[in-house]
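Take a look at the structure set out below.
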There are 2 protein chains.
Amino acid sequence: MRSSDNPSRKATSFDVARQAGVSRATVSRTFTPNASVSPETREKVHKAAKELGYRVNYLARSLINRRSDLVGIVVAGMDNPFRAQQVHEIAKALVSRNFRPILLPADQGESADHVMDQLLHYNVSGVLVTSDAPPTELCREFAVHGIPIVLINKGDPIPLVDRVISDNATAGRVAAETLVECGAKQLAVLSASHVSYAARHREAAFVARGMDLGCAPRVVPVLINDYQNGLAAGRDLDGIDGLFCINDYMACGVIDALRTKPQDPKNRIRLIGHDDIGQAAWQAYGLTTFRQPCDIQASQAIDLLISRMADPELEERTVLTPVTLVRRVTA
Amino acid sequence: MRSSDNPSRKATSFDVARQAGVSRATVSRTFTPNASVSPETREKVHKAAKELGYRVNYLARSLINRRSDLVGIVVAGMDNPFRAQQVHEIAKALVSRNFRPILLPADQGESADHVMDQLLHYNVSGVLVTSDAPPTELCREFAVHGIPIVLINKGDPIPLVDRVISDNATAGRVAAETLVECGAKQLAVLSASHVSYAARHREAAFVARGMDLGCAPRVVPVLINDYQNGLAAGRDLDGIDGLFCINDYMACGVIDALRTKPQDPKNRIRLIGHDDIGQAAWQAYGLTTFRQPCDIQASQAIDLLISRMADPELEERTVLTPVTLVRRVTA
DNA sequence: CTGTTAGCGCATTCAG
DNA sequence: CTGAATGCGCTAACAG
């Protein structure tokens, strides 16, 4: 008396096998890619399966495969529209490749550890991290367990951990050049560089190029790269006519601050952001900004994941994704 | 020769048992809530576990429990900031209660079916749906399989399917009253009511109350409740001095349209939105709107899930969450 | 191509 | 309180 006695319970391969008059192994083969089953039996099995509403239990399967098609997405700062978009693209890409994304918000510092730790219980096939502060030690632990990790736009190199990074250097450089082209002389960059790898690098490239062009940019630090900090910083801004914001989320705040501030009409401040969030294109902002191709980043991240699943010992890799300047009205 | 021969592989309860000098059953009990293990042996087991980096394999566990602590989140329209926030809150709530959210974007109509179908392979403990067009038939299938579903702000009653719904009637009513209070005489409501349950109900309540107050509202239909449609509709708006937008996402578009449109300054149009997305509070908008308590909705949805897990035969329930009017500058 | 056998890692009877 | 045995649902090896 195995299963099949309780009709309300989910059908198992055993039930299907009986109904189709074959063995369980054959049922299994029928639902395994690259199987080898004769067309007729496969037909029978499919028929029986449909009648019984049978579905392969992936959990049981992964017990054998030692791998679960589950992939963790660790994310912080979902209030930033760019993050939301990123998560969306990653989830879509994952699903389209037959992975199941398990979403882990990691906002409150310590929780990231706990949450990633949980993943270890699920035999995940990999982890995608787009949180600002990647917990380096945990990354190591995953690597040790042979679980692929890829960092998106974050963090310095870690052995066995791959990264997808957008071209921050180009963004910073082009931002400086564009602002100067537009006639700006007093450059500044707004960024919370201590919390974000990307911010740090964009800022550095901007400053370097600004110097080259003969206008040493001022660095205006903020606590977090968000709207509120942008707004506050925007109010205090002075003696500046060209500003690079490390991200659009903050840039929107700056624009709102400038809007209500008396400005010299002959010397409007030129502004460039980064990310091309939806709001950047809203009429109230018309923000000139760098577009990050979320969809491409997502699919490249997954490529890295897959290739490392095949060979966990691979040396860590970094792929650079291009940014493109979207010119609107602020510069 | 069971496991334990390959040191690089993950430790199993077998390994821990050996190292601690106890049986596998005891190890199991040590990591099972409400176990009954003597403090000393529990201590030994924990020590061994730590040394070996042992983690319970939840996948194997769920094979026995017939349940996996995995919960699906089905979502569409993540470009709407409100949706993003909703997903974030749900994911946080889920994780804090020791569930694992698996995120399923369901944008392209048909994909919702396919994607939900996949969930059936994972023995999920439940499904939370916040997509605009809930696939009624699939809901039924889940119900049949005894998998709890809760719809958030969506859909008409389905047997065995619970719902968390924000107080759309009050929102619609208060919107009408508030606009009139502010001196509006020509009311209108902007909504794509065919795609959204919530829109339909807010619209109806608004119209009803408007009639009561002696100003029959005009209903302006749009295709989708998004920024672009708001922008377009805003441009065409005429002969209106009080507008209720079914959601903030669209309301932002309306505001942007009105901003660039010559308006009679003595008869500015009063505007009320719904959701209180982050942008509503941005200085460029200052949108008066109804706040939906995402966090409360999330936790109530999970409560429903849990109670139905305990008793799948429960009659379907509906919980109503309150909305609160946040007054800013547009009304 | 198909059936048989032997586990994947764990929790749960049932004895002791 | 603890250990031995059984099986959750499935697939990988090996015959045939």
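By convention in this document, chain letters (A, B, ...) are assigned in the order of the sequence lines, proteins followed by strands, and residues within each chain are numbered from 1.
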Which part of the nucleic acid does B:Arg67 contact within heavy-atom distance under 4.0 Å: base, sugar-phosphate only, or nothing?
nothing

Under 6.0 Å between ring centres: does that hold for A:His46 and A:Phe31?
yes

When you measure from the side-chain N and O atoms of A:Thr41 to the phosphate of C:dT2, is any distance below 4.0 Å, counting only OP1 and OP2?
yes

Whole-Å gap separating C1' (D:dC1) and NZ (B:Lys44):
12 Å

Can you check each nucleotide of nucleotides 11-16 of chain D against protein heavy atoms at under 4.0 Å and return B for base, S for sugar-phosphate only, - for none, in 5' to 3' order?
BBB---

Rounded to whole angstrom units, what separation is found between the CZ atom of B:Arg66 and the P atom of D:dG7?
13 Å

Does C:dT2 have OP1 or OP2 under 4.0 Å away from a side-chain N or O of A:Ser23?
no

Under 4.0 Å, counting only non-hydrogen atoms across every strand here, what does B:Arg42 touch: a base, just sugar-phosphate, or nothing?
nothing

Spacing of A:Asn34 atom CG relative to C:dC1 atom P, expressed in whole Å
13 Å

Check the side chains of B:Arg163 and B:Thr318 for a donor-acceptor pair under 3.5 angstrom, ignoring hydrogens and angles.
yes

Measure CZ/B:Phe14 against C1'/C:dG7 and give the value in whole Å, please.
13 Å

If a pair satisfies salt bridge (Lys or Arg N to Asp or Glu O under 4.0 Å) and one of its residues is in residues 29-47 of chain B, list it, with sequence neighbours excluded.
B:Lys47-B:Glu51

Please report the distance, rounded to the nearest Å, between CD in B:Glu43 and P in D:dC1.
16 Å

Can you sort out the partners of A:Asp303 under salt bridge (Lys or Arg N to Asp or Glu O under 4.0 Å), two or more places apart, ordered by chain and number?
A:Arg97

Go through the side-chain N and O atoms of B:Gln297 and B:Glu89 and say whether any donor and acceptor fall under 3.5 Å apart.
no

Figure out the CZ/P separation between B:Arg18 and D:dT2, and round it to whole Å.
20 Å

By nearest heavy atom, map B:Val37 and B:Leu63 onto DNA chain D; which one lands nearer the 5' end?
B:Val37

State whether a side-chain donor-acceptor pair under 3.5 Å links B:His88 with A:Asp79.
no

May I have the distance from B:Asp15 (atom CG) to C:dC10 (atom C1'), rounded to whole angstrom?
13 Å

Could you tell me whether the side chain of A:Leu103 reaches within less than 4.5 Å of the side chain of B:Val87, counting heavy atoms only?
yes

To the nearest Å, how far apart are B:Asn123 CG and C:dA11 P?
16 Å

Phosphate oxygens OP1/OP2 of C:dT2: is one of them under 4.0 Å from a side-chain N or O of A:Ser38?
yes

